[in-house]
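Atoms within a ligand are numbered from 1 in the order they appear, just like the ligands themselves. These figures come from a predicted structure and were not determined experimentally.
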Amino acid sequence: MANKRTATIGEYLIQRLHAHGVRHVFGIPGDYVLGFYEQLQQSPLRIINMCDEQGAGFAADAYARVRGLGALCVTYCVGGLKVANTTAEAFAEKSPVIVISGAPGVKERAKNPLLHHKVRDFNTQKKVFDELTVASTVLEDPRMAFEEIDRVLSAALRYKRPAYIELPRDMVAVAGQPHYRPRPAEEASNPQTLKAALADAVEMINGARQPVIIADVELHRFGLQDLLLQLAGRTNIPVASTLLGKSVIGEQPPFYMGVYYGAMGREEVRRYVERSDCVILLGAFLSDINLGVFTARLDPGRSIYATSEKLSVRYRNYEEVLFPDFLQGLLGGKLRPRRPGRWPHPVQMFPAGPARPKAPLTVRRLFECLNAFLAEDMVVVCDAGEALFGAADLYIRRGTEFLGPAYYASMGFAVPASVGVQLANPAVRPLVLVGDGAFQMTGMEISTALRYGLNPIVVVLNNRGFGTERPMQDGPYNDVAPWQYHRLPEVLGGGRGFLVGTETELCQALAAAAAHQESFSLLEVMLDPNDHSPALQRLTQRLARRI
Ligand SMILES: Cc1ncc(C[n+]2csc(CCOP(=O)(O)OP(=O)(O)O)c2C)c(N)n1
Ligand SMILES: [Mg+2]
């Protein structure tokens with residue numbers, strides 16, 4: 001190894017991404033990043049060309065959610081600024097995406113010339129991403145570049161948030177620091193604080209009449225699902241998830257109750273959680289949508305709140321305690337096992353055959369039929385809107401099989417995300433649920449699925465516009481142009497399209513889509529613009545009751 005030449009900055013970045021499990025990089029090239037694209041092309045990483053940078057952003061986010069780390073690569077500003085929104089979503093929902101952007105060379109920047117794609121100054125894009133990421137860097141110094149790459153990657157992995165790497169084009173092929181070795185990131189809890197926090201938490205839980213666990217997204221991001229299963233299994237403390245954390249443990253364990261979703265969720269789950277005298281929030285985000293648009297009633301005085309960023313027991317905060325250590329500590333601690341009690345269970349199954357074969361489909365029946373159709377190898381990928389609210393009640397069979405923008409709620413996530421999901425794990429088949437409005441934003445990425453031989457089943461909920469907005473305030477601004485979504489295969493030169501109006505047609509189309517493995521299937525499901533999912537109906541009813 002003594003004569004091994006020092007890697008170039010671009011090569012080192014590729015090596016480190018690969019070492020962390022990345023195998024695909026999503027993006028669109030441009031002249032500021034072509035040199036790096038050529039290096040990618042020669043590397044074990046596969047470039048996935050998307051139709052649009054925003055598509056690359058959502059795909060990389062979903063890839064990261066499934067595989068633990070994702071990467072995208074775009075050109076300066078015209079490409080980079082288009083992934084600002086998707087990076088914001090990855091930040092808000094804790095998904096470690098590495099945003100790599102080409103940029104003008106360091107030498108080109110002298111005297112501040114007016115180069116193409118520049119906005120205000122050369123740092124504009126970096127400053128934008130400082131706000132949207134947990135760490136950012138411009139690789140302008142070969143002596144520091146390798147260290148910087150490792151610093152930024154470690155931060156993304158430590159906090160499960162996106163990070164930004166800007167690669168000036170004249171640095172890509174420059175050798176970095178010779179004989180450099182990455183240092184393993186070392187982090188540990190403060191033992192005294194950990195002990196005190198655990199003692200406090202155990203005392204509170206053991207003294208409680210009706211403790212309950214709310215399992216959220218960080219358990220998934222840190223791969224701690226098994227610890228949770230053991231904890232609940234041993235103690236018989238029942239578990240609810242949030243919408244963002246739905247499917248963290250799947251719906252099958254006997255102690256699982258369903259999604260706690262404030263007034264949008266099932267009444268019995270809401271009542272059980274809100275009557276608890278000890279709510280143990282694990283890896284949870286206390287956001288409005290995640291908890292049912294501000295209708296959740298959780299009292300910090302009755303809560304234990306543990307995440308990678310904060311730990312509190314009632315009103316006491318504990319610093320320097322790592323989330324996995326706390327969870328492990330609870331498991332090893334002296335929590336008393338309880339006798340299995342009576343708590344709600346997820347609603348499991350629905351009528352097998354069509355209830356009203358010829359009647360127009362409703363949102364409720366659509367989701368009931370989808371529930372019966374879901375198979376073990378499917379991942380449900382939802383977009384914002386009724387797709388997400390309706391899917392809250394789906395019965396997910398195993399862990400980690402539900403992805404949706406349940407917190408930041410950007411439209412346009414689902415179709416490109418399905419590309420990321422299936423590349424991250426080719427053993428699964430995405431079932432994409434997307435509104436017609438959201439589809440018009442990024443739905444063209446099914447062409448990317450076709451290009452790379454992927455086979456998502458895409459259900460477009462065609463309610464002729466922005467359905468979820470109509471009950472709040474309606475007007476022509478909630479309408480969208482009437483596309484014939486099911487005819488897209490004609491334009492794209494592949495895939496199968498189905499127009500679905502009734503339950504019988506839905507069952508037939510789903511069966512045909514399941515059998516058609518070669519490419520995507522697109523089901524255009526016609527719905528009444530004023531028909532809504534049970535979750536949205538529950539919300540409006542309960543809010544109305546309060547007024
Ligand atoms: C990028 C983006 N723009 C606007 C919104 C605001 N918004 C939330 S839901 C919604 C309507 C979604 O329409 P559609 O995708 O057809 O789903 P539906 O509500 O009809 O089920 C809109 C415009 C958003 N969440 N994201
Ligand atoms: Mg719609």
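Tyr256 and Ser241 form a side-chain donor-acceptor contact under 3.5 Å, judged by distance and modelled atom types alone. Judged purely by distance below 3.5 Å, without hydrogens or angles, the side chains of Asn85 and Ser410 pair a donor atom with an acceptor atom. Ser101 and Glu166 are not linked by any side-chain donor-acceptor pair at a separation below 3.5 angstrom, with hydrogens and angles left out of the test. Checked by atom type, the side-chain pair Asn455/Glu518 shows no donor-acceptor distance below 3.5 Å. Side-chain atoms of Ser533 and Glu386 include a donor-acceptor pair closer than 3.5 Å.
Checked options Tyr407, Phe58, Tyr408; the residue passing with Phe413 is Phe58 (criterion: ring-ring contact (aromatic ring centres under 6.0 Å, His included)).
Here Thr468 has heavy atoms under 4.0 Å from ligand 1 in both its backbone and its side chain.
Counting only heavy atoms of the protein, atom 7 (N) of ligand 1 lies nearest to Glu469 OE2, 3.2 Å. The closest protein non-hydrogen atom to atom 17 (O) of ligand 1 is Gly435 CA, 3.8 Å. Closest to atom 15 (O) of ligand 1 among all protein heavy atoms lies Ala438 N, 2.8 Å.
Below 4.0 Å from some heavy atom of Gly467 lie the following atoms of ligand 1, by number and element: 18 (P), 19 (O), 20 (O). For ligand 1, the atoms sitting less than 4.0 Å from at least one non-hydrogen atom of Asn463 are 18 (P), 20 (O), 21 (O), numbered in the order shown with element in parentheses. Annotation for ligand 1: atoms under 4.0 Å from non-hydrogen atoms of Gly437 are 14 (P), 15 (O), 16 (O). Those atoms of ligand 1 that come under 4.0 Å of a heavy atom in Asp436, given as number and element, are 16 (O). Within ligand 1, counting atoms from 1 as listed, the ones closer than 4.0 Å to a heavy atom of Gly465 are 13 (O), 14 (P), 16 (O), 20 (O).
The shortest distance between side-chain heavy atoms of Leu69 and Tyr63 does not fall below 4.5 Å. Looking only at side-chain heavy atoms (C-beta outward), Leu281 and Val279 come within less than 4.5 Å of each other. Taking 4.5 Å as the limit, some side-chain heavy atom of Lys94 sits within range of a side-chain heavy atom of Arg161.
Using cut-offs of 30° and 60° on the angle between ring planes, the pair Tyr32 and Tyr76 is perpendicular.
Not one N or O of Phe466 is nearer than 3.5 Å to an N or O of ligand 1, by distance alone. Residue contacts with ligand 1: Gly385 is placed with no nitrogen or oxygen under 3.5 Å of a nitrogen or oxygen of the ligand (distance criterion only). For a threshold of 3.5 Å applied to N or O pairs, the pair formed by Glu386 and ligand 1 contains at least one separation below that value. Distances between N or O atoms of Ala384 and those of ligand 1 include no value under 3.5 Å.
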Show me the donor-acceptor pairs, under 3.5 Å and distance only, between side chains in residues 437-446 and residues at least two apart or in other chains.
from, atom 1, to, atom 2, distance (Å)
Gln440, NE2, Ala481, O, 2.8
Gln440, NE2, Tyr485, OH, 2.9
Thr442, OG1, Gly412, O, 2.7
Glu445, OE1, Cys51, N, 2.9
Glu445, OE1, Thr448, OG1, 2.6
Glu445, OE2, Cys51, N, 3.2
Glu445, OE2, Asp52, N, 3.0

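Residue-ligand proximity: Ala409 is placed with a non-hydrogen atom under 4.0 Å from ligand 1. Heavy-atom distances between Pro529 and ligand 1 stay at or above 4.0 Å for every pair. Not a single heavy atom of Leu461 sits less than 4.0 Å from an atom of ligand 1.
A 6.0 Å sphere centred on CZ of Arg158 holds more than 12 heavy atoms belonging to other residues, nucleotides or ligands.
With Lys127 contributing its side chain and Thr124 its backbone, the two residues share no donor-acceptor pair below 3.5 Å.
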Query - side-chain contact (heavy atoms from CB on, under 4.5 Å) between Arg464 and Val480, worked out - result: CA-CA 6 Å; Arg464 285 174 276 152; Val480 300; 5.9 Å; no
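Shown are the protein N/O/S atoms under 2.8 Å from the Mg ion (ligand 2), given by residue and atom: Asp436 OD1, Asn463 OD1, Gly465 O.
Comparing Met411, Arg464, Met441, His532 by heavy-atom distance to atom 24 (C) of ligand 1, the nearest is Met411.
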